[in-house]
Undergrad: 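Mind looking over this structure? Questions follow.
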Amino acid sequence: MTGTDVQKEAEDSGPSGYAAARLRLLNEEARSGPPRRAALAELTDDWLTGLFAAGAEGLRGVSLVAVGGYGRGELSPRSDLDLLLLHDGGDPKAVAALADRLWYPVWDLGLALDHSVRTPAEARKTSGEDLKVQLGLLDARHLAGDLGLTAGLRTAVLADWRNQAPKRLPELQELCAERAERQGELQYLLEPDLKEARGGLRDATALRAVAASWLADAPREGLADARRRLLDVRDALHLATGRATDRLALQEQDQVAAELGLLDADTLLRQVYEAARLVSYASDVTWREVGRVLRSRAVRPRLRAMLGGGKPTAERSPLAEGVVEQDGEVVLARAARPERDPVLPLRAAAAAAQAGLPLSLHAVRRMAATVRPLPTPWPAEAREQLVTLLGSGRPTIEVWEALEAEGLITRLLPDWERVRCRPQRNAVHIWTVDRHLIETAVRASEFTRRVSRPDLLLVAALLHDIGKGWPGDHSVAGEIIAKDVAARIGFDRHDVAVVATLVRHHLLLVETATRRDLEDPATVRSVAEAVGSQGTLELLHALTEADALATGPAAWSSWRGSLVADLVERVSAVLAGDVPADPEDAAPTAEQERLAIEAVATGSPVLSLRAQTEPPAGQEPSGDPEPLGVELLIAVPEQPGVLPAVAGVLAMHRLTVRTAELRSLTLPDGVDGTVLLLDWRVAAEYGSLPQAARLRADLVRALDGSLDIAGRLAERDAAYPRRRGVVAPPPRVSVHPAASRLATVIEVRSQDAPGLLFRIGRALEDASVQMRSAHVSTLGANAVDAFYVTGPEGAPLPGDEAESVARKLEETLRG
């Protein structure tokens with residue numbers, strides 16, 4: 001059936017005919033995107049025109065007007081119909097009756113309707129009071145009735161908009177900023193709102209409004225395609241969900257991708273991010289131009305009066321060779337010749353970032369169109385300018401985005417294309433891969449005074465996750481890419497090796513500090529061997545912190561910082577020639593020793609519960625100390641079942657375990673017995689912390705078997721079933737035979753959940769292994785735990801036995 005046949009059916013059959021024709025149109029696989037939206041708008045136009053003609057017979061001075069998205073002819077499958085019934089005020093009763101004959105059929109079909117009935121004067125008055133109404137009227141389109149009435153309103157509204165632009169455009173900019181603050185940036189969100197988030201459809205509509213003011217205009221290249229792509233995704237989302245939603249939820253992304261013929265959800269998100277980035281950049285440039293024009297208009301009359309007429313000359317201040325500041329932007333000097341100066345883009349970018357100024361759109365486009373490629377290896381000036389740009393702090397981001405918008409970044413660093421707009425499906429990460437790399441460089445710029453080679457730190461920060469664009473371990477792939485890039489940009493062989501080592505091992509310190517026993521000499525030696533030198537260790541320490549801070553709030557804390565600092569201190573000692581002390585010789589603190597002696601004397605567990613706010617060793621305290629959580633110290637006479645008992649009691653009391661350490665404690669001479677010491681950081685899920693006495697009483701009962709922890713946790717889970725959500729990947733349990741010479745290291749990676757540590761501890765107890773130490777950390781929704789276990793004789797487990805324990809534990813956690 002052709003489009004004309006569909007429209008004829010809608011006209012002949014009334015509302016039911018329209019509904020059938022609409023359904024048939026939406027199910028046509030051959031028609032999608034702009035053609036389908038236009039056809040749906042045309043079909044709806046014909047239906048509403050028929051309703052109007054039947055209800056307005058003999059009535060003059062009335063017209064039906066589509067506004068907003070419908071006015072633009074962009075109807076998505078579940079879009080609202082935005083309609084204005086315009087009248088000259090001659091017969092209010094007849095107009096009201098006509099409105100009923102228009103609105104009720106729409107409601108009867110279950111379509112969302114945003115409607116109003118106004119005279120032209122009322123419409124202008126309302127638009128003057130309500131910016132959103134005025135924006136909708138800018139897209140007014142005549143449907144039926146008195147064409148002159150509609151045309152007169154359109155002309156008046158556009159004239160009002162242009163006359164009031166100096167006042168209304170700042171209001172519109174503020175509206176966009178408030179919406180961005182609420183909804184976030186579309187180009188980084190895992191579950192973005194395609195309409196409301198910054199860089200979404202509302203911002204694209206705002207750019208149309210700015211253009212209609214004649215005051216400024218957006219960069220047009222690619223903008224229409226970006227807007228079309230976002231609309232196509234919204235269409236597919238409406239069809240996939242059957243709802244009028246603009247939020248691209250995780251559980252719907254695969255279906256939406258399939259609807260659009262895309263490979264997978266990541267491909268879908270990358271296209272959305274690319275479109276949003278283009279709209280966001282166009283918005284930045286446009287609002288900057290609006291501000292410049294408005295400032296110029298405000299200043300020009302005063303200058304003319306002072307100068308006695310004539311056009312003032314814009315002031316240009318030199319910033320670097322071929323680069324000047326003008327009107328609050330960085331532009332090219334008149335003598336600049338990009339075609340002869342391949343370093344100019346980096347020099348201009350570095351100058352802009354250092355001055356905290358944006359790069360002019362015209363300057364970036366001129367350089368992108370004419371500049372010659374840099375030779376390989378880069379000249380020293382190019383490398384220095386790149387390092388200067390990366391070390392400029394927060395202004396680096398806007399300047400980098402300007403270069404990237406015109407394709408200059410991928411010309412300088414071809415490997416960047418694979419990570420550009422690449423999503424990270426990890427709740428800990430808040431940025432796409434490319435933005436995370438820039439954020440890491442920004443964070444690293446704060447640490448350049450801590451290292452002897454800040455240039456290597458900044459370049460390693462830029463490249464540390466560059467391998468995420470390739471299959472396999474991104475650290476391994478990244479090492480290969482980093483070697484190539486570092487050599488290409490002109491570092492010597494030694495520096496190339498350092499950058500490659502930093503990229504290869506950028507996760508080494510934080511993973512070792514939070515998952516391994518730092519008292520074990522093998523742990524410290526393995527890190528020292530991987531790092532190789534004091535200078536590289538210094539750089540890796542700074543990169544580790546910068547990377548974590550740039551990841552998101554769940555990736556770094558003062559407690560993690562203290563663990564990493566402790567590891568760095570130990571590794572530094574080894575690199576300096578010191579031999580690590582045997583863990584059996586580690587002296588307990590006074591508090592630990594007091595609790596241990598009391599536990600031996602009483603034959604029962606003893607615990608201490610207190611808030612922890614001291615900064616990590618080697619760091620100055622801040623004005624407002626960051627709470628590290630609550631420190632729970634427990635000393636227990638050594639016996640089976642301690643870990644599951646403690647973990648189970650904490651789970652019963654709804655205490656979340658952030659980090660946990662368990663080890664045997666060497667007691668002072670003259671004190672018989674062995675004590676297990678548990679040093680934990682915990683937080684209440686909600687409410688206040690339980691009293692220490694109550695925790696101790698429950699722990700005593702758990703250890704003597706009179707408290708059925710498993711039953712209590714099962715009852716609670718049954719009473720409060722978990723909500724459906726994103727399906728987490730299955731747990732993984734692995735053995736690391738080379739991680740320690742004293743014990744077998746079993747590592748568990750799993751979705752964090754109440755009672756998880758209890759289940760792990762009980763499974764290890766059932767496997768008849770002895771716990772030498774445990775190192776538990778929670779990162780966002782993920783638990784990464786390492787357990788040092790031995791056989792009954794205190795020796796590491798044989799390889800096959802260790803693998804068997806790991807497989808059984810994994811099966812337990814999957815069940």
Side-chain angles (χ1 to χ4, degrees), residues 472-476 479 501 504-532 540 563-564 566-567 570-571 574-575 579-586 640 643-644 659-664 676 729-750 756-757 759-777 779 782-814:
D473 185 332
H474 76 279
S475 297
V476 175
E479 179 184 18
T501 298
R504 174 66 181 88
H505 296 298
H506 69 272
L507 297 174
L508 177 65
L509 294 183
V510 72
E511 288 187 346
T512 303
T514 57
R515 304 175 191 176
R516 295 291 179 263
D517 185 358
L518 302 191
E519 302 291 347
D520 190 333
T523 298
V524 180
R525 275 198 296 268
S526 68
V527 175
E529 290 169 3
V531 173
L540 190 60
L563 291 176
V564 170
D566 182 21
L567 173 61
R570 294 168 186 263
V571 174
V574 171
L575 291 172
V579 178
D582 190 280
E584 301 298 336
D585 299 330
L643 178 64
T659 62
E661 300 282 334
L662 178 152
R663 64 187 177 95
S664 295
L676 291 177
R732 189 178 71 185
V733 180
S734 54
V735 178
H736 296 263
S740 174
R741 63 180 177 81
L742 304 172
T744 297
V745 179
I746 296 178
E747 185 176 88
V748 178
R749 300 187 182 202
S750 176
L756 173 67
L757 194 53
R759 296 173 63 201
I760 294 173
R762 193 169 62 169
L764 291 175
E765 291 286 339
D766 291 344
S768 299
V769 297
Q770 292 185 351
M771 188 85 63
R772 183 182 180 88
S773 66
H775 309 273
V776 174
S777 62
L779 193 63
N782 300 293
V784 183
D785 307 335
F787 302 92
Y788 285 63
V789 299
T790 66
E793 299 80 17
L797 302 177
D800 55 348
E801 186 178 339
E803 287 294 338
S804 175
V805 171
R807 297 288 71 79
K808 289 178 181 177
L809 177 54
E810 189 171 271
E811 290 171 8
T812 299
L813 296 179
R814 287 173 182 263

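What you see below is based on every heavy atom in this structure, not just the backbone, and it leaves out hydrogens, waters and symmetry mates.
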Undergrad: Which atom pair, heavy atoms only, marks the closest approach of Leu764 to Val769?
TA: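 Of all heavy-atom pairs spanning Leu764 and Val769, the closest is O-CG2, 3.3 Å.
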Undergrad: Any non-hydrogen side-chain atom of Leu508 less than 4.5 Å from a side-chain atom of Val531?
TA: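 Of all side-chain heavy-atom pairs linking Val531 with Leu508, at least one is under 4.5 Å.
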Undergrad: The test is side-chain contact (heavy atoms from CB on, under 4.5 Å); show your working for Glu661 and Ser773 and say whether it passes.
TA: CA-CA 7 Å; Glu661 300 282 334; Ser773 66; 5.9 Å; no
Undergrad: Between Leu518 and Val524, what is the shortest heavy-atom contact and its length?
TA: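 Residues Leu518 and Val524, closest heavy atoms: O-CG2, 3.7 Å.
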Undergrad: Which heavy atom of Arg516 sits nearest to which heavy atom of Ala786, and what is that distance?
TA: NH1-CB, 3.4 Å
Undergrad: Hey, what do you get for OG1 (Thr744) to CZ (Arg741), rounding to the nearest 0.5 Å?
TA: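 Thr744 atom OG1 to Arg741 atom CZ measures 13.5 Å (nearest 0.5 Å).
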Undergrad: Taking it one step at a time, do His474 and Leu507 satisfy side-chain contact (heavy atoms from CB on, under 4.5 Å)?
TA: CA-CA 11 Å; His474 76 279; Leu507 297 174; 4.0 Å; yes
Undergrad: Should Pro796 and Leu742 count as side-chain neighbours, where that means a heavy-atom distance under 4.5 Å?
TA: no
Undergrad: Rounded at 0.5 Å granularity, tell me how far CG in Leu509 sits from CG in Leu563.
TA: 11.5 Å
Undergrad: Which atom names give the shortest non-hydrogen contact between Gln770 and Pro792, and what distance separates them?
TA: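 Gln770 and Pro792 have their closest heavy atoms at NE2-O, 3.4 Å.
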Undergrad: Calculate, to the nearest 0.5 Å, the distance between atoms CD1 and CZ belonging to Ile760 and Phe787 respectively.
TA: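 Rounded to the nearest 0.5 Å, the CD1-CZ separation comes to 4.5 Å.
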Undergrad: Compare all side-chain heavy atoms of His505 with those of Ser475 and state whether any distance is below 4.5 angstrom.
TA: no
Undergrad: Which residues satisfy the side chain to side chain donor-acceptor pair (under 3.5 Å) test with Glu803, sequence neighbours excluded?
TA: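 Testing Glu803 for side chain to side chain donor-acceptor pair (under 3.5 Å), a comparison that skips the adjacent residues, returns Arg807.
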Undergrad: Please identify each residue that fulfils side chain to side chain donor-acceptor pair (under 3.5 Å) with Ser734, with sequence neighbours left out.
TA: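 Only His736 meet the side chain to side chain donor-acceptor pair (under 3.5 Å) criterion with Ser734.
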Undergrad: Of all residues at least two apart in sequence or in a different chain, which pass the side chain to side chain donor-acceptor pair (under 3.5 Å) check with Glu479?
TA: none
Undergrad: Drop me the distance from Thr512's OG1 to Asp517's CG, to the nearest 0.5 angstrom.
TA: 12.0 Å
Undergrad: For the pair Val805 and Val789, evaluate side-chain contact (heavy atoms from CB on, under 4.5 Å) and give the outcome as yes or no after the intermediate values.
TA: CA-CA 10 Å; Val805 171; Val789 299; 5.9 Å; no
Undergrad: Taking the side chain as everything from C-beta on, heavy atoms only, tell me whether Leu676 gets closer than 4.5 Å to Arg663.
TA: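 Heavy-atom side-chain distance check fails, nothing below 4.5 Å.
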Undergrad: Among residues at least two apart in sequence or on other chains, which ones pass side chain to side chain donor-acceptor pair (under 3.5 Å) with Arg759?
TA: none
Undergrad: My understanding is that only residues two or more places apart in sequence, or in another chain, count here; which of them pass salt bridge (charged side-chain N to carboxylate O under 4.0 Å, His left out) with Glu511?
TA: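 Residues passing salt bridge (charged side-chain N to carboxylate O under 4.0 Å, His left out) with Glu511: Arg515.
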Undergrad: How close do Leu567 and Ala513 get, counting heavy atoms only, and between which atoms?
TA: CD2-N, 3.9 Å
Undergrad: I need the minimum non-hydrogen distance between Ala806 and Val735, along with the two atoms involved.
TA: CB-CG2, 3.8 Å
Undergrad: Using a strict threshold of under 4.0 Å (side-chain N to carboxylate O), is an ion pair present between Asp566 and Arg570?
TA: yes
Undergrad: Quick one: CE on Met771 to CD1 on Ile746, what's the gap to the nearest 0.5 Å?
TA: 9.0 Å
Undergrad: Looking at NE2 of His775 and CG of Leu662, how far apart are the two atoms once the value is rounded to the nearest 0.5 Å?
TA: 8.5 Å
Undergrad: Can you tell me if Thr812 uses its side chain to pair, donor with acceptor, with the backbone of Lys808 under 3.5 Å?
TA: yes
Undergrad: Suppose we screen for side chain to side chain contact (heavy atoms under 4.5 Å, CB included). Which residues come up paired with Ala743, at least two apart in sequence or across chains?
TA: Ser740, Arg772, Tyr788, Thr790
